[in-house]
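Below: one structure, written as structure tokens.
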Amino acid sequence: MDLFCHKLPKIELHAHLNGSLSKLTLKQLGCLENSISQYQSVKAIGLKDAFALFKVAHEATSNTKNLYIATQNVIEEFAKDNVVYLELRTTPRSEEGMSEDDYIETVIKAIRENRFDGILVKLILSLDRRRSREEQTETLDRIIRFKNSFPDLIRGVDLSGDPAKGDFFRDIFEKARENGLKTAIHCAEIQNDAEVKNILEFKPDRLGHGTFIHTNPELWALYKQLNIPVECCLTSNVICLTANSYAEHHVQEWIKEKLPFCLATDDKGVFNTSLSEEFLHIHKASKLNELELWTISYKSIEYSFASAEEKNFLRFSLEKWKIKNIKDNE
Ligand SMILES: CNc1ncnc2c1ncn2[C@@H]1O[C@H](COP(=O)(O)O)[C@@H](O)[C@H]1O
Ligand SMILES: [Zn+2]
């Protein structure tokens, strides 16, 4: 099954650029050994300590040269894991000698100049919930400007950052939607029923994590009615201690109730995982067979922010792969 999960053409819809940096990349970017070794020891650390680790990556990508290399390497690593479609997300930020515009331009340049065989890459830009309404609005306006220049590449806006801090400002995301951007919002990563209700009522195109939605009957009923695809990041939740184990992960509710979900890595560097490993975990935890795993990948195409033509192309190539590689495929 290891080999099957590796070979399976996969769709990655929830990957944060800086959280995805491998140890090899951190080393290449001049990160010190003792910073990199913090990554090695990651087992069950909780959200707070996971957030401390993003600082290591952020230091490594604090100039455009390193940010370019980081983007290039992350795409190459996903391609090697047979991810055929990647929606990479990142939070525009400024550093000394690098403006937010420079940041976005560099990531766009790295994606456009590095077309690895067999992987289509799109960009989602993130708003950090720890930032003020004014700062988030300013970043959104910037994102809209870039989206108008690169509409095929920049497909959506995400809300992320420490779930214990900051806010979801609905009007900011309304504006994103009015300007033709899709929305993917981290939701219920920790218990916060009032905010979850606000987010659900906005009806984002996708939700990140969705961990605590089903624990509140009213929210669960509303969610099921809306039927919004959830990006499930199993290892991330197990390491951050918001899920007890792979077997008890909330994705089981989604499987049981036939609700829409995809599998994702979240931060493959920080959590030392890959999308193939995420498929292997769900195979073990939920006893899914090859055809069921393939179906998760296939359905994820629909939930992606790709164009109709791109979705058709991806469906066609996954169907072709299925005929060749899965026996008894009904
Ligand atoms: C573990 N669960 C999570 N929950 C919420 N936000 C997360 C996250 N994992 C990552 N991020 C967000 O992504 C940033 C790193 O990548 P970028 O600098 O954007 O490329 C983090 O600083 C955080 O804001
Ligand atoms: Zn995330």
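Just so we're clear, the structure is a prediction, and the values are computed from it rather than from any experiment.
In this structure, Phe313 has its ring center no closer than 6.0 Å to that of Phe316. In this structure, the ring of Phe173 has its center less than 6.0 angstrom from the ring center of Phe168.
A donor atom on one side chain and an acceptor atom on the other are not found under 3.5 Å apart for Glu310 and Asn312. The closest side-chain donor-acceptor pair between Ser99 and Asp101, if any, does not fall under 3.5 angstrom. If you check the side chains of Ser37 and Asn34, you find no donor sitting under 3.5 Å from an acceptor. Defined by atom type and a distance below 3.5 Å, a donor-acceptor pair is present between the side-chain atoms of Ser245 and Glu248. With no hydrogens or angles considered, no side-chain donor-acceptor pair links Ser300 and Ser297 at under 3.5 Å.
For residues 58-67, the set of pairs meeting the side chain to side chain donor-acceptor pair (under 3.5 Å) definition, not counting sequence neighbours, comprises Asn18-Thr61, Thr61-Arg93. Note on residues 18-29: pairs passing salt bridge (Lys or Arg N to Asp or Glu O under 4.0 Å), not counting sequence neighbours, are Lys27-Glu33. Pairs passing the salt bridge (Lys or Arg N to Asp or Glu O under 4.0 Å) check and including a residue from residues 2-20, sequence neighbours excluded, do not occur.
When the side chain to side chain donor-acceptor pair (under 3.5 Å) test is applied to Trp254, the partners found at least two apart in sequence or on another chain are Tyr223. Every residue meeting the side chain to side chain contact (heavy atoms under 4.5 Å, CB included) condition with Thr139, not counting sequence neighbours, appears here in chain and number order: Pro92, Glu100, Leu127, Arg131, Ile143. Contacts of Glu319 classified as salt bridge (Lys or Arg N to Asp or Glu O under 4.0 Å), with partners at least two apart in sequence or in another chain: none. Taking Lys175 as the reference, Asp141 meet the salt bridge (Lys or Arg N to Asp or Glu O under 4.0 Å) condition, with sequence neighbours excluded. In this structure, Lys258 has no salt bridge (Lys or Arg N to Asp or Glu O under 4.0 Å) partners at least two apart in sequence or on a different chain. In this view, Thr91 satisfies the side chain to side chain donor-acceptor pair (under 3.5 Å) rule with no residue, not counting sequence neighbours. When the salt bridge (Lys or Arg N to Asp or Glu O under 4.0 Å) test is applied to Asp81, no partner is found at least two apart in sequence or on another chain. With sequence neighbours excluded, no residue satisfies side chain to side chain donor-acceptor pair (under 3.5 Å) with Thr137.
Remark: of the listed residues Asp267, Ile75, Thr90, Thr90 is the sole one forming a side-chain contact (heavy atoms from CB on, under 4.5 Å) with Leu17. Screening Val270, Thr273, Val83 for a side-chain contact (heavy atoms from CB on, under 4.5 Å) with Thr265, the sole residue that qualifies is Thr273.
Annotation: the span from Leu86 atom CG to Ile11 atom CD1 amounts to 10.0 Å, rounded to 0.5 Å. Rounding to the nearest 0.5 Å places CG of Leu222 at 10.0 Å from CG of Asn216. With rounding to the nearest 0.5 angstrom, the OG1 atom of Thr71 is 9.0 Å from the CG atom of Asn114. Taking NE2 from His16 and CD1 from Ile124, the interatomic distance works out to 9.5 Å, rounded to the nearest 0.5 Å. Once rounded to the nearest 0.5 Å, the distance linking CD of Glu135 with OG of Ser132 reads 3.5 Å.
For the pair Arg115 (side chain) and Ile111 (backbone), a donor-acceptor distance under 3.5 Å is absent. A donor-acceptor contact shorter than 3.5 Å is absent between the side chain of Thr106 and the backbone of Tyr68. Distance alone, capped at 3.5 Å, is enough to place a donor-acceptor pair between the Tyr85 side chain and the Ala306 backbone. Looking at Ser286, its side chain never comes within 3.5 Å of a backbone N or O of Leu288 through a donor-acceptor pair.
No path of Ile, Leu, Val, Met, Phe, Trp and Tyr side chains, each step under 4.5 Å between heavy atoms, connects Phe305 with Phe261, placing them in separate hydrophobic clusters.
Within a 6.0 Å sphere centred on CZ of Arg112, other residues, nucleotides and ligands contribute 12 heavy atoms or fewer. Counting heavy-atom neighbours within 6.0 Å of Lys311 NZ, excluding the residue itself, gives a total above 12. Taking a 6.0 Å sphere around CD1 of Ile190, one finds it holds more than 12 heavy atoms contributed by other residues, nucleotides or ligands. Around atom OH of Tyr298, more than 12 heavy atoms belonging to other residues, nucleotides or ligands sit under 6.0 Å away.
Between Phe146 and Phe150, the angle of the ring planes stays under 30°, which puts this pair in the parallel group of the 30/60° scheme.
Smallest separation of non-hydrogen atoms from Lys122 and Asp152: NZ-O, 2.7 Å.
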Next on the checklist: Run the salt bridge (charged side-chain N to carboxylate O under 4.0 Å, His left out) test on Glu174 and Arg170 for me, step by step, so that the C-alpha distance in whole Å, both residues' side-chain angles and the decisive distance to 0.1 Å come before the verdict.
Outcome noted: CA-CA 6 Å; Glu174 300 276 10; Arg170 179 170 170 162; 2.8 Å; yes
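A salt bridge is defined here as a Lys NZ or Arg NE, NH1 or NH2 lying under 4.0 Å from an Asp or Glu carboxylate O, and Asp167 with Arg129 fails to meet this definition. One finds no salt bridge joining Glu292 and Lys287 here, because no Lys/Arg side-chain nitrogen approaches an Asp/Glu carboxylate oxygen to under 4.0 Å. Look at Lys80 and Glu77 and you find no salt bridge, because none of the NZ, NE, NH1 or NH2 atoms lies under 4.0 Å from a carboxylate O.
Both tests pass for Arg177 against the ring of Phe202: distance under 6.0 Å to the centre and angle within 45° of the axis. Annotation: cation-pi geometry satisfied between Lys268 and Phe78 (NZ/CZ under 6.0 angstrom from ring centroid, within 45° of ring axis).
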Acceptor/donor pairs from residues 231-241 side chains to any protein atom, 3.5 angstrom cut, sequence neighbours excluded:
| unit_1 | atom_1 | unit_2 | atom_2 | d |
| --- | --- | --- | --- | --- |
| Glu231 | OE1 | His14 | ND1 | 2.6 |
| Glu231 | OE1 | Arg89 | NH2 | 3.2 |
| Glu231 | OE2 | Arg89 | NH2 | 3.3 |
| Glu231 | OE2 | Arg206 | NE | 2.6 |
| Glu231 | OE2 | Arg206 | NH2 | 3.3 |
| Thr235 | OG1 | Tyr246 | OH | 2.8 |
| Thr235 | OG1 | Glu278 | OE1 | 3.4 |
| Thr235 | OG1 | Glu278 | OE2 | 2.5 |
| Ser236 | OG | Asp266 | OD2 | 2.7 |
| Asn237 | OD1 | His249 | NE2 | 2.8 |
| Asn237 | ND2 | His209 | ND1 | 3.1 |

